[in-house]
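A quick write-up on the structure given underneath.
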Protein chains: 2
Amino acid sequence: MALFLSTIQNKIDKKGRVSVPARFRSILSERGYSSIVLFPSFEGEAINACDMGVMEGLLEKIGGFDPFSEDRESDADALMAAAVELPIDGDGRITIPPTLTEEIGIEDQCVFVGRGDSFQIWAPEPFDTRMKAVKERARLKRAAGQKREASDD
Amino acid sequence: MALFLSTIQNKIDKKGRVSVPARFRSILSERGYSSIVLFPSFEGEAINACDMGVMEGLLEKIGGFDPFSEDRESDADALMAAAVELPIDGDGRITIPPTLTEEIGIEDQCVFVGRGDSFQIWAPEPFDTRMKAVKERARLKRAAGQKREASDD
DNA sequence: TGGGGTATCATGGATTTTTATGGGAGTCAA
DNA sequence: TTGACTCCCATAAAAATCCATGATACCCCA
């Protein structure tokens, strides 16, 4: 199955619309979806995005509706409550609700980040910071580890 | 199958009518229903809502589980007795009976909360409190480290 | 190889449709 | 008659849809 790869930054217009990267759209439609499901990441820094199939799988895992049982994870319920299904319009755009953008700090630009079977949406600056941190950590690890002189800094 | 997702707050007018969120309505009608079934949650904080199909499955499951168990049967009886089927009117609204709203503390606003295969109806404030509690708990769990144990104190 | 044409994409704006909400008229029963 | 309820209509706001354009990438053919 095709994977969500690479990082694309797009603009959010005054009406709150953003283009979903064309490649991502084609992957979604390959899977048979014309909408995406968004919900806040647990770390609170990004929005997670997946298709409805993933949500269905999740629900199946936590079990169906049974008012007599208390064992249904409240986390899972919170997830369903925080998630939104967004239709992709005829021009390939979505409108992310303010509840999600505000929490993450997204304003007029956002970054789509491939994660394989799903992707994330970030505000540009925090994403930058995060990437730099990751790279730095990798660099340190490399430096501390072996004498790998193939420098690429 | 489409799932009930996200959280929508709507107003209750003087006549006691509330709009069922459009997305929820379309999911219901997709499943072939034009009414919803309501009954109080056992925790007493919210109203549970589902379609008649879910209700039938539910009662069948409970009834079929153990025909000789008095507890189960009385639970099922209580559920049936407390449940109401509400028609959705031409404008997409329902009128929640006072028996249910008073118990939950709903007055002039209510919140529809998706739960996947069903949804709930809350008074705004208790729902807020609940969501904050869930988030805080998740935060603590995260901060405590990745040791995923049954404990969540 | 390079240049022109074409398809695709991201973006902006306008227009139409849907939705939530308010209110009124008619109906039925107590 | 009064009160509760149903059906119908009005409207403002929000959402979905449609159309236009500049830019870029892609392809084809001389």
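Quick note on labels: first sequence line is chain A, next is B, and so on, each numbered from 1. Quick note: numbers below take in every heavy atom, side chains included, and nothing from hydrogens, waters or symmetry partners.
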Inset, instruction - Report the distance from atom CG of A:D108 to atom P of C:dA10, rounded to the nearest whole Å. - result: 17 Å
Inset, instruction - Could you state the atom-to-atom distance from CD1 of A:I94 to C1' of C:dA10 in whole Å? - result: 14 Å
Legend entry - Criterion side-chain contact (heavy atoms from CB on, under 4.5 Å) against A:V113, the qualifying member of A:F119, A:F127, A:F4: A:F127
Inset, instruction - Please work out whether the ring planes of B:F112 and B:F24 are parallel, tilted or perpendicular, with thresholds of 30° and 60°. - result: perpendicular
Legend entry - Pairwise 5' ranking along DNA chain D for A:I88 and B:P87, keeping only the more 5' one: B:P87
Inset, instruction - Measure the distance from NZ on A:K11 to P on D:dG22 and round it to the nearest whole Å. - result: 16 Å
Inset, instruction - With DNA chain D as reference, determine whether A:R93 or B:R93 sits nearer its 5' end, using the nearest nucleotide of each. - result: B:R93
Inset, instruction - Can you see which heavy atom on A:P40 is nearest to which on A:N48, and at what distance? - result: O-ND2, 4.2 Å
Inset, instruction - Starting from P on D:dC19, measure out to CG on A:D89 and report it in whole angstrom. - result: 14 Å
Inset, instruction - Taking only the side-chain heavy atoms of A:K15 (C-beta and beyond), determine which of C:dA14, D:dT17, C:dG24 contains the nearest atom. - result: C:dA14
Inset, instruction - Could you work out which one of D:dC9, C:dA10, C:dG23 sits closest to the side chain of A:S19? - result: C:dA10
Inset, instruction - Provide, to the nearest angstrom, the distance between the CG atom belonging to B:L86 and the C1' atom belonging to D:dA4. - result: 15 Å
Inset, instruction - Kindly check if the number of other-residue, nucleotide or ligand heavy atoms within 6.0 Å of CZ (A:R115) is above 12? - result: no
Legend entry - Integer-rounded Å distance: D:dC26 P and A:R23 CZ: 13 Å
Legend entry - Crowding at CD, A:Q109 (>12 non-hydrogen neighbours, <6.0 Å): yes
Legend entry - A:K14 side chain near C:dT11 phosphate (N/O to OP1/OP2, under 4.0 Å): no
Legend entry - Candidates D:dC8, C:dC9, D:dC18 - which lies nearest the side chain of A:A22: C:dC9
Legend entry - Nucleotide of D:dT17, C:dA20, C:dA10 approaching B:N10 most closely (side-chain heavy atoms): C:dA20
Legend entry - Any B:R25 side-chain N or O less than 4.0 Å from OP1/OP2 of C:dA20: yes
Legend entry - For atom CZ of A:R17 and atom C1' of D:dT17, their distance in whole Å: 10 Å
Inset, instruction - Take the protein atom CD1 of A:I8 and the nucleotide atom C1' of D:dT24, then report the distance between them rounded to whole Å. - result: 15 Å
Legend entry - Side chain A:D91 and base D:dC18 donor-acceptor under 3.5 Å: yes
